[in-house]
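Let me begin by presenting the structure, written as structure tokens, before commenting on it.
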Number of protein chains: 2
Amino acid sequence: MNDADQYSIRDLADEFDITTRTIRFYEDKGLMQPARDGQRRVYSKGDRARLKLILRGKRLGFSLDEITQLVSLYETPEDTVPQLEQYLETLRNHRSLLEKQRADIERTLTDLARAEEECRQALTTTLNGQS
Amino acid sequence: MNDADQYSIRDLADEFDITTRTIRFYEDKGLMQPARDGQRRVYSKGDRARLKLILRGKRLGFSLDEITQLVSLYETPEDTVPQLEQYLETLRNHRSLLEKQRADIERTLTDLARAEEECRQALTTTLNGQS
DNA sequence: GTTTTCGTTTACGTTAACGTCAACCATGTG
DNA sequence: CACATGGTTGACGTTAACGTAAACGAAAAC
């Protein structure tokens with residue numbers, strides 16, 4: 001079951017270092033809909049990519065509800081003009097949110113860099129025996 | 001009570017669009033220790049800055065426990081060599097974590113840009129009447 | 001002077017995101 | 001065939017991060 005675009009639930013759990021419970025939970029929440037071989041879940045490459053997206057969203061601090069939105073963004077929307085425009089709107093919102101978050105990170109990194117510098121200064125001073 | 005580096009709990013709650021309950025909760029967790037005027041909490045400029053840091057951490061998806069670490073990083077550590085080295089270590093860990101997170105954001109932004117492009121293509125195609 | 005307006009403590013309620021456990025197939029291995 | 005292995009569906013437990021409500025104190029407004 002390891003070749004040909006097919007993954008068991010354990011394959012994915014091990015690869016991404018999460019529990020099978022977590023994966024089933026995501027399915028409960030409607031985030032994934034793997035195929036079945038009889039009773040067992042069978043995951044395709046697309047399912048795997050989708051899970052990857054979900055976990056990326058988690059790392060970025062999004063809730064599962066938000067991730068539901070985010071993930072559905074990557075599926076091609078319907079072809080009517082109002083739907084496309086709605087879709088574009090949602091895309092823009094998510095982008096601006098992420099850009100704010102990136103700015104937050106930049107600020108924090110700057111702060112950390114300053115703290116590191118001060119710390120190194122203190123270390124050399126201390127090592128030189130100056131009280 | 002609005003001038004001279006003094007803020008009431010409501011001032012801060014309104015400014016940062018959170019509830020007073022949240023601020024008191026952070027205090028319970030040891031994240032803040034405002035002064036008191038009799039029974040009432042009085043927040044200094046430093047307290048306000050600290051709260052700002054906490055909220056930034058939240059936006060970045062950190063837990064309050066992690067934020068406790070992060071915030072304490074900005075206070076000058078003790079001056080013994082092992083403590084300074086421990087401090088530097090923690091700083092580096094946080095930095096690498098944030099850098100990973102930034103990379104995640106870049107990837108997601110790229111994906112979003114592609115989705116936006118496809119969407120705009122679809123829009124012009126649809127507007128041109130091509131089925 | 002009393003009645004709003006803020007604030008305080010205490011305590012129980014709630015939601016998201018899983019963990020944990022039980023009871024039950026299915027299957028392949030000795 | 002027995003049984004160990006891996007998966008499945010409930011169902012209840014747990015933790016973090018607050019929400020909400022009660023019961024009270026103080027001070028500011030009418």
Side-chain angles (χ1 to χ4, degrees), chain A residues 1-3 6-44 47-48 50-72 97 101 104, chain B residues 1-3 6-44 47-48 50-72 97 101 104:
Chain A
M1 266 204 195
N2 199 7
D3 51 340
Q6 302 271 316
Y7 309 90
S8 74
I9 195 170
R10 175 127 308 277
D11 289 341
L12 294 184
D14 286 350
E15 175 174 2
F16 296 114
D17 199 35
I18 56 183
T19 68
T20 60
R21 174 69 177 97
T22 298
I23 298 181
R24 282 190 215 99
F25 180 74
Y26 292 162
E27 183 175 346
D28 271 13
K29 293 285 150 178
L31 278 164
M32 308 192 68
Q33 290 145 48
R36 297 275 176 145
D37 172 23
Q39 193 174 222
R40 305 198 161 184
R41 292 167 173 83
V42 179
Y43 296 87
S44 68
D47 293 326
R48 180 172 165 281
R50 204 179 169 88
L51 180 55
K52 225 171 173 175
L53 274 179
I54 296 171
L55 297 176
R56 188 201 286 172
K58 289 238 68 185
R59 283 196 305 274
L60 294 178
F62 291 110
S63 74
L64 287 186
D65 280 1
E66 291 169 318
I67 291 175
T68 305
Q69 297 265 331
L70 249 172
V71 168
S72 74
L97 211 157
Q101 209 165 338
D104 268 337
Chain B
M1 267 202 194
N2 200 9
D3 50 339
Q6 301 274 315
Y7 309 89
S8 75
I9 194 170
R10 176 127 307 276
D11 289 340
L12 294 183
D14 287 349
E15 174 174 2
F16 295 114
D17 200 35
I18 57 184
T19 68
T20 60
R21 173 72 177 93
T22 299
I23 298 181
R24 281 190 215 100
F25 180 74
Y26 292 162
E27 184 176 343
D28 270 14
K29 292 286 151 179
L31 278 165
M32 309 193 67
Q33 291 146 47
R36 296 276 175 144
D37 172 22
Q39 193 173 219
R40 303 196 161 185
R41 292 166 172 83
V42 179
Y43 297 86
S44 68
D47 293 327
R48 180 172 165 280
R50 206 180 168 91
L51 180 56
K52 224 171 172 177
L53 273 179
I54 296 170
L55 297 175
R56 187 201 287 171
K58 287 239 68 183
R59 285 197 304 273
L60 294 178
F62 291 109
S63 74
L64 287 187
D65 280 0
E66 291 168 317
I67 292 174
T68 304
Q69 297 266 330
L70 249 172
V71 168
S72 73
L97 212 157
Q101 208 164 339
D104 269 335

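Every chain is numbered from 1, with letters handed out A, B, ... down the list of sequences.
Asp65(A) has its CG atom 9 Å from the C1' atom of dA16(C), to the nearest Å. Whole-Å rounding puts the Arg21(A) CZ to dG7(D) P distance at 16 Å. Summarising the geometry, the separation between CG on Leu31(A) and P on dC18(C) is reported as 10 Å, rounded to the nearest angstrom. Atom CD1 of Ile54(B) is separated from atom P of dA17(D) by 12 Å (rounded to the nearest Å). Rounded to a whole Å, the CZ atom of Phe25(B) is 14 Å from the C1' atom of dT15(C). Summarising the geometry, the separation between CD on Glu27(B) and C1' on dT10(C) is reported as 15 Å, rounded to the nearest angstrom. With rounding to whole Å, Asp28(A) atom CG is found 13 Å from dA17(C) atom P. For the pair Arg40(A) CZ and dA26(C) P, the interatomic distance rounds to 10 Å; values are reported in whole Å.
Considering only the side chain of Ile9(A), dG7(D) comes nearest among dT9(C), dG19(C), dG7(D). Which of dC18(C), dC18(D), dT8(C) sits closest to the side chain of Leu64(A) comes down to dC18(C).
Close to dG7(D), at under 4.0 Å from its OP1 or OP2, lies no side-chain N or O of Thr20(A). For Tyr26(B) and dC18(D), the shortest distance from a side-chain N or O to OP1 or OP2 is below 4.0 Å. In this structure, Lys58(B) reaches the dC18(D) phosphate: one of its side-chain N or O atoms is under 4.0 Å from OP1 or OP2. Thr19(B) has a side-chain polar atom (N or O) that falls below the 4.0 Å cut-off from OP1 or OP2 of dG19(D).
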Q: Test side chain to side chain donor-acceptor pair (under 3.5 Å) on Asp47(B) and Ser44(B) and set out the steps.
A: CA-CA 5 Å; Asp47(B) 293 327; Ser44(B) 68; 3.2 Å; yes

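Among the atoms of the strands shown, only primed sugar atoms or phosphate atoms (P, OP1, OP2) are found under 4.0 Å from some heavy atom of Arg41(B).
Side-chain N or O atoms of Arg50(A) include one that pairs as donor or acceptor with a backbone N or O of Leu31(A) at under 3.5 Å.
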